[in-house]
There are 2 protein chains.
Amino acid sequence: MPRTYSIAELARECGVTTRAIRFYEDQGMLSPLRDGQRRIYRPRDRTRLKLILRGKRLGFPLAEVREIIDLYDAPQGEDAQLHRLLAKIADRHRELEAKREDIEASLQELDAVADTCRDRLAELECGDRGGRRVKKPRRAAR
Amino acid sequence: MPRTYSIAELARECGVTTRAIRFYEDQGMLSPLRDGQRRIYRPRDRTRLKLILRGKRLGFPLAEVREIIDLYDAPQGEDAQLHRLLAKIADRHRELEAKREDIEASLQELDAVADTCRDRLAELECGDRGGRRVKKPRRAAR
DNA sequence: AATATGCTTTACGTTTACGTAAACGTCATG
DNA sequence: CATGACGTTTACGTAAACGTAAAGCATATT
């Protein structure tokens, strides 16, 4: 048999509280086995938890996270179902790429500020006391 | 003089409520001019609002969003200040790249599910009633 | 003058995503 | 046997991010 985890183990490994994990279960996002009262998490539960947390890091509300991870283990069903599934996947795809573009824009602007910042530092450190201007070398585009 | 916006204009353009905009002001993230009681937004206010919304889309809490956009108009000050600023920028940079990796992983897994899904569809549509297996052609990597 | 439109402040309500405490069960160990 | 370490359920509390009236001011139109 594969391997199992206690709730505390999972919590430690994933950097969340046990409360949070139970909460996700309440929301129908996890369904661990039971040994009497105790929850037993299998690798697939662990994977789902990690997916949940990744969704959260990306700013999706839990309700959406659930829809997303439900996509992951759904590719059964008949024709119409599969087409609906593909449509949903395409939606999420677009959503994620929009987010990626947001990130890339942010990174660029951040880099621009960093450049400005380094230019200022260069001015200061070469003992520039007056209004003399330093030639700003164009940074190579990454 | 450049151009100005009323709160309703900005709200419409950016797809948020006026309540939200006022809330961001309460949090010290916007400081529009006033014409008596009324708020007057200049281009820079508009830009800041868009930055706020982008930060939100990326899942940052407003408190962090404020720190981030504060980085944008801060590159003044003396040596030590500038170094602290650069450090903060580097932190945010790492944070954003981590998020981008999360996104890329999500996109890959999503694509994998889509492939599985299309394979199933192919099986169905070529009248596969039995357990016959369809050769899965490797999809070209984008 | 009255109505509409757009803005204002003040303030209480709501949803999400848990935190935190209480009160209890179950082993294993000192 | 009692003291922890770990788990459980139930339930109330809370921070963030607004939503939703309520009540009022200012200008424009009918």
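Numbered from 1 within each chain, the chains take letters A, B, ... in sequence-line order. Computed from a predicted model, the values in this text were never measured in an experiment.
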Practice task
Send over the distance from A/E64 CD to C/dT16 C1', rounded to a whole Å.
Solution key: 13 Å

Handout entry: Nearest-Å distance for atom pair CG/P, residues B/D26 and D/dA16
Key = 14 Å

Handout entry: Presence of B/Y24 side-chain N/O under 4.0 Å of D/dA17 phosphate oxygens OP1/OP2
Key = no

Practice task
Measure the distance from CD1 on B/I40 to P on C/dC7 and round it to the nearest whole Å.
Solution key: 10 Å

Problem - Candidate nucleotides C/dT9, C/dC7, D/dC18, ranked by approach to the side chain of B/R34 - the nearest - result: C/dT9

Exercise for the section: With sequence neighbours excluded, tell me which residues meet side chain to side chain contact (heavy atoms under 4.5 Å, CB included) with B/E104. Expected result: A/R100, B/R100

Problem - Atom-pair distance (CG on B/L33; P on C/dC7), nearest Å - result: 16 Å

Completion exercise
SG (A/C117) and NZ (B/K88) are apart, to the nearest 0.5 Å, by 11.0 Å

Practice task
May I ask you to evaluate whether A/T17 reaches the phosphate of C/dG19, defined as a side-chain N or O under 4.0 Å from OP1 or OP2?
Solution key: yes

List every contact pair, protein side and nucleotides 20-26 of chain D side both N or O, where the distance is under 3.5 Å.
{"residue": "D/dT20", "atom": "O4", "partner": "B/R19", "partner atom": "NE", "Å": "3.0"}

Practice task
Inspect the contact between B/E9 and B/R46 and indicate whether a charged nitrogen and a carboxylate oxygen are less than 4.0 angstrom apart.
Solution key: no

Handout entry: Interface with DNA chain D, restricted to residues 43-63 of chain B and to heavy atoms under 4.0 Å
Key = B/K56, B/P61, B/L62

Fill in the blank from the handout: Rounded to whole Å, the CD1-P distance (A/I21 to D/dT9) equals 13 Å

Practice task
Could you tell me whether B/R92 and B/E95 have a side-chain N and a carboxylate O separated by less than 4.0 Å?
Solution key: yes

Handout entry: Spacing of A/L96 atom CG and A/I89 atom CD1 [to the nearest 0.5 Å]
Key = 11.5 Å

Practice task
Just call it for A/S6: base, sugar-phosphate, or nothing, with non-hydrogen atoms closer than 4.0 Å on any strand.
Solution key: sugar-phosphate

Exercise for the section: Select one nucleotide: of D/dC18, D/dG7, C/dC7, the one nearest the side-chain heavy atoms of A/A8. Expected result: D/dG7

Practice task
Apply salt bridge (charged side-chain N to carboxylate O under 4.0 Å, His left out) to B/R120 and A/E78, showing your working.
Solution key: CA-CA 9 Å; B/R120 283 284 305 143; A/E78 28 85 38; over 6 Å; no

Handout entry: Backbone N/O of A/M29 and side chain of A/R48: donor-acceptor pair under 3.5 Å
Key = yes

Practice task
Check salt bridge (charged side-chain N to carboxylate O under 4.0 Å, His left out) between B/R19 and all other residues, then give those that pass, not counting sequence neighbours.
Solution key: none

Practice task
Would you tell me if any nitrogen or oxygen in the side chain of B/R39 comes within less than 4.0 Å of OP1 or OP2 on C/dC7?
Solution key: no

Fill in the blank from the handout: In short, salt bridge (Lys or Arg N to Asp or Glu O under 4.0 Å) pairs touching residues 26-36 of chain B with sequence neighbours left out are B/E25-B/R34

Practice task
Would you mind reading off the bend of the helix from C/dA1-D/dT30 to C/dG30-D/dC1 from its two end axes, five pairs each, to 10 degrees?
Solution key: 20°

Handout entry: Integer-rounded Å distance: C/dG6 P and B/L10 CG
Key = 16 Å

Problem - Nearest-Å distance for atom pair CD1/P, residues A/I7 and C/dG25 - result: 20 Å

Problem - Between B/R54 and A/S106, a side-chain donor and acceptor under 3.5 Å - result: yes

Handout entry: A/K99 side chain vs A/L58 backbone, donor-acceptor pair below 3.5 Å
Key = yes

Completion exercise
To the nearest 0.5 Å, atom CD1 of A/I7 lies from atom CG of A/D45 at 11.0 Å

Handout entry: Atom-to-atom span, CZ of B/R22 to P of C/dT8 - whole angstrom
Key = 5 Å

